Structures are given as C-alpha cells and as structure tokens.
There are 2 protein chains.
Amino acid sequence: MSNDPLGFCAHDHASCMRSAMKAAQEACAARGVQFTKVRQRTLEILLESHAALGAYDVLARLNAEGLGSKPPVAYRALAFLVEQGFVHRIERLNAFIACARPGADHDPAFMICRACGTVAEAETASVGLKASASQSGFQIEQTVIEAEGLCPTCQTGAGT
Amino acid sequence: MSNDPLGFCAHDHASCMRSAMKAAQEACAARGVQFTKVRQRTLEILLESHAALGAYDVLARLNAEGLGSKPPVAYRALAFLVEQGFVHRIERLNAFIACARPGADHDPAFMICRACGTVAEAETASVGLKASASQSGFQIEQTVIEAEGLCPTCQTGAGT
DNA sequence: GTCTATCCTGTTATGTTATAACATACTTTC
DNA sequence: GAAAGTATGTTATAACATAACAGGATAGAC
Ligand SMILES: [Zn+2]
Ligand SMILES: [Zn+2]
Ligand SMILES: [Zn+2]
Ligand SMILES: [Zn+2]
C-alpha cells in the first residue's frame, strides 16, 4: 500500500532524491519540455529535505551557485516544477516542497509540523469535500488540504 | 440539517448580517473581550458580501471612514476576529471572509469560485484527513481545506 | 549549416502582503 | 484617580510576488 507519509519516518533519503530526479528527468523527456540546469538545481534543493522552502530561500541557494540572483529566476523555476507536478506549493507557508510521489497525478494533502517544519505528503482524503461540493453544484478544479500540528517526534516533550 | 453552503444560494442577506453582528456582539460580551468600533466595522465590511477581502481592501474601507489608515490597524482587527472565530482566513487568496456559522466551534472547508470570487463555507469533511494523520501519529491542531473551481452560476456559459 | 521561431534566462522596477517596535490613548479594576 | 491591562496610531521595514523588456540558448525547417 505504501501510503505512509514520507517525512515523518526514516528512509534512504539519497535514493529518495535520486529516484525523484530520475522521474522528473524522464517525465520532461516524455513531455518534450526542457529540464534545464536552473530547474534541475531548484528541484534538487527542494529534494534535500522534506521541509518547505520559501522562494527566496531557494533563490539564495541558486545565487550562491551562480545560477540566478533575481526573484523571477526562482519563481519561474518553481512555477515550472509545480506545473509539471514535481513540486507542490504549501499555501499555509507561502513555500514549496518537492513532491513525494512524482509521476502519479494526484491531489495531495499535507501535514505540517509547526515545531520542526517537516511537511509530510499524504493522499488526499477529500471524499467528503467532493460530496459537499457536488451537493451544492460546485465544480472542483483544485484542492488545498493542509493540516498543521505536531509530528510524532515533536509531540514528545513539546507540551508548549 | 441546514448544511447548505451560503454564498451560492440566495438568502436574506440583511438578516444574515444582522444576526452575525449580534452573535459577535454577544460572544464578545460573554468572553469579556472588547468589540470596539474598528473591530465592529471590520466585521461589517466583511459581512457585506460572501467574498473574501484582502487586508488592504479592508484597510481602504476603514480609512475612507476615518478608522485607521495604516496596515497594522486592519491586520490587528482581522487577527482579533479570526481568534474569536468570527472571520476565517482563506490561505489560497491571502484574504479574509466572515464566518457563515458564527458561534459554533468548527473546522470549515471553503469552495472558492475562480470566476466570480464568491466563497462558500461548508462543514469540514476531513474524516479521511484525520485518519491519515492518526495513522502516522501526527497531531492535528488546525486544518486548511479549500477547493477552487466554478460555482453553479459561473458554470453556465463559462467554458473558458 | 544557417535561418527562424520558440523557449529560457537576466535584469530592472514595482506591486502586494505582513509585521516589528514604540508611542499614545482608552478601559477596567481597585 | 492611580495602576494595570488593553487597544490604537505611526514609522519603518520585512517578506512574498510579478510585469515588462532585453538578450541568449535550443530545436526544427530548409
Ligand atoms: Zn505529490
Ligand atoms: Zn516536528
Ligand atoms: Zn465559519
Ligand atoms: Zn462564480
């Protein structure tokens, strides 16, 4: 079933990154879009952790490597990656995170730890939402489902 | 059951506003917090429509009435109203909307029409989200559930 | 190969959303 | 009416985001 949200559990992160980059590489080739240096590097930066990074954080990293120093560079790369489904935007944080399940067309839900900043991606559980919507005739195009709270690790000893 | 999302259906909006203001008034009295002029007016401004307003839109309205011209005035009033549960923040829009069911402690879900800007509030349908969360040990404190799409009215003739 | 159309990047400038910090005024309690 | 707590006014700046245009790389047509 592999429905475990990554991020809260230990895993081979190096292979996690490698497979995500490979999946993106192949998807770009298949779709005939360019996976340029800036785009690759932006995705790699986001893949380094299962936390969300702000556009300006990404930009700072790119800039340090001589890959662009002005906001539009980062925003354009991020917009491309979001369009292609390799990255998700976390509305609550005004930030971006690499997709944990690239390839599959999906409507993700996120769990955001307010203590450590880790963000885990889960499958959407929007059955009820869709029911509510269709009941009132609303036609859903996109969903934002984000829960904020404490991850398993941060619950122990984080009474505050 | 009265589970209809307001906003997409006709209703007596004047009475809708009046009862919301009254509920807020009473809740403030009961909780011993001040329902000041700026706070009242801010809530009234949001109640005027079932659309979301940005903080600076609210500020412009307040300013036109001599109730404050600087961002913190609007942001403070909005923060108060959100705390008290009279107003919700729509993350997707960086905007605010008056609660359609004040009084009840609830976890709302929103349906945002991308064409006309109407936002309807429904009950949260986060059963699956909670299941996902507890499965991985995540402790939810707050949820953001927002769907974007087309409302019933805008579907007719809005092929674009 | 080179021309051309398209897409990508670099840069300037500006727009939008949000808060920190401190001064002043009001309200409640005693 | 003094003290404590709460709310507002104001300055300044931080953080997030995009419009618009110029230049460079890439890909397909010939
Ligand atoms: Zn994903
Ligand atoms: Zn955590
Ligand atoms: Zn509500
Ligand atoms: Zn509409």
Side-chain angles (χ1 to χ4, degrees), chain A residues 24-25 27-43 45-46 51-84 86-97 117 144 146, chain B residues 24-25 27-43 45-46 51-84 86-97 117 144 146:
Chain A
Q25 194 81 251
C28 286
R31 295 169 196 167
V33 296
Q34 301 178 42
F35 198 37
T36 64
K37 188 92 193 209
V38 175
R39 291 166 177 178
Q40 285 178 43
R41 200 64 200 103
T42 299
L43 180 53
I45 288 166
L46 290 176
L53 287 184
Y56 281 74
D57 296 328
V58 170
L59 179 58
R61 294 284 310 272
L62 291 175
N63 190 22
E65 302 172 23
L67 281 173
S69 61
K70 305 296 164 46
V73 173
Y75 279 100
R76 282 193 290 232
L78 289 165
F80 170 86
L81 295 170
V82 168
E83 258 168 34
Q84 300 298 321
F86 308 146
V87 163
H88 301 294
R89 179 180 164 87
I90 308 294
E91 299 291 342
R92 181 63 182 261
L93 303 175
N94 293 332
F96 300 83
I97 190 164
V144 174
E146 298 169 2
Chain B
Q25 194 82 251
C28 287
R31 295 169 197 169
V33 296
Q34 301 177 43
F35 198 39
T36 64
K37 188 91 193 213
V38 175
R39 290 166 178 180
Q40 285 178 42
R41 199 66 198 101
T42 300
L43 181 53
I45 289 165
L46 290 176
L53 288 183
Y56 281 76
D57 296 327
V58 170
L59 179 58
R61 295 285 309 273
L62 292 175
N63 190 21
E65 303 172 22
L67 281 173
S69 62
K70 305 297 165 44
V73 172
Y75 278 101
R76 283 193 289 232
L78 290 165
F80 170 86
L81 295 169
V82 169
E83 258 168 35
Q84 300 298 320
F86 308 146
V87 163
H88 301 294
R89 180 181 164 86
I90 307 295
E91 299 292 341
R92 181 63 182 261
L93 304 176
N94 292 333
F96 300 83
I97 190 165
V144 174
E146 298 169 2

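We name chains A, B, ... by the order of the sequence lines, and we start the count at 1 in each one. Every value quoted in this text rests on a predicted model; they were computed, and no experiment measured them.
- A donor-acceptor pair under 3.5 Å links the side-chain atoms of B/Arg31 to the main chain of B/Gln84, judged by distance alone.
- For A/Arg76, no side-chain nitrogen or oxygen approaches OP1 or OP2 of C/dT11 to under 4.0 Å.
- Heavy atoms of B/Leu67 sit under 4.0 angstrom from primed sugar atoms or phosphate atoms, though from no base atom.
- We find that the ring of A/Tyr75 and the base of D/dT18 do not stack by the test of centres under 5.5 angstrom and planes tilted less than 30°.
- We find that CD of B/Glu83 is positioned 13 Å from C1' of D/dA7, with the value rounded to whole Å.
- Note: CG (B/Leu93) to P (C/dT16) measures 16 Å, nearest angstrom.
- Considering only the side chain of B/Tyr56, C/dT17 comes nearest among C/dT17, C/dT19, D/dT26.
- Spacing between atom CZ of B/Phe35 and atom P of D/dT8 amounts to 12 Å, rounded to whole angstrom units.
- Checking A/Ala95 against B/Lys37, the closest nucleotide of DNA chain D that is more toward the 5' end is the one next to B/Lys37.
- Atom CG in B/Asp57 sits about 16 Å away from atom P in C/dG15, given to the nearest Å.
- Close to D/dA25, at under 4.0 Å from its OP1 or OP2, lies no side-chain N or O of A/Thr36.
- With a 4.5 Å cut-off on side-chain heavy atoms, A/Val58 and A/Tyr75 do not count as touching.
- Between A/Leu62 atom CG and C/dC8 atom P the separation is 16 Å, expressed in whole Å.
- Once rounded to the nearest 0.5 Å, the distance linking CG of B/Leu46 with CG of B/Leu78 reads 6.0 Å.
- Note on B/Arg89: a side-chain N or O is less than 4.0 Å away from OP1 or OP2 of C/dA18.
- Distances were taken from every side-chain heavy atom of A/Val73 (C-beta onward) to each of C/dG10, C/dA18, D/dT10; the shortest belongs to C/dG10.
- Residue B/Leu59 holds its CG atom at 12.0 Å from CZ of B/Arg61, rounded to the nearest 0.5 Å.
- Residue B/Lys70 places none of its side-chain N or O atoms closer than 4.0 Å to OP1 or OP2 of D/dT8.
- Here the side chain of B/Gln34 is nearest to one of C/dT12, C/dT27, C/dC8, namely C/dT27.
- Within the 4.0 angstrom heavy-atom criterion, only backbone atoms of the sugar-phosphate kind lie near B/Val38; the bases stay farther away.
- In this structure, the CG atom of B/Asn94 is 10 Å from the P atom of C/dT19, given to the nearest Å.
- A/Leu59 has its CG atom 13 Å from the C1' atom of C/dT11, to the nearest Å.
- When distances are taken from the side chain of A/Pro71 to each of D/dT18, D/dT8, C/dT19, the shortest belongs to D/dT18.
- Annotation: the span from B/Thr42 atom OG1 to B/Leu67 atom CG amounts to 7.5 Å, rounded to 0.5 Å.
- Rounded to an integer number of Å, the gap from B/Arg41 CZ to D/dT8 C1' is 18 Å.
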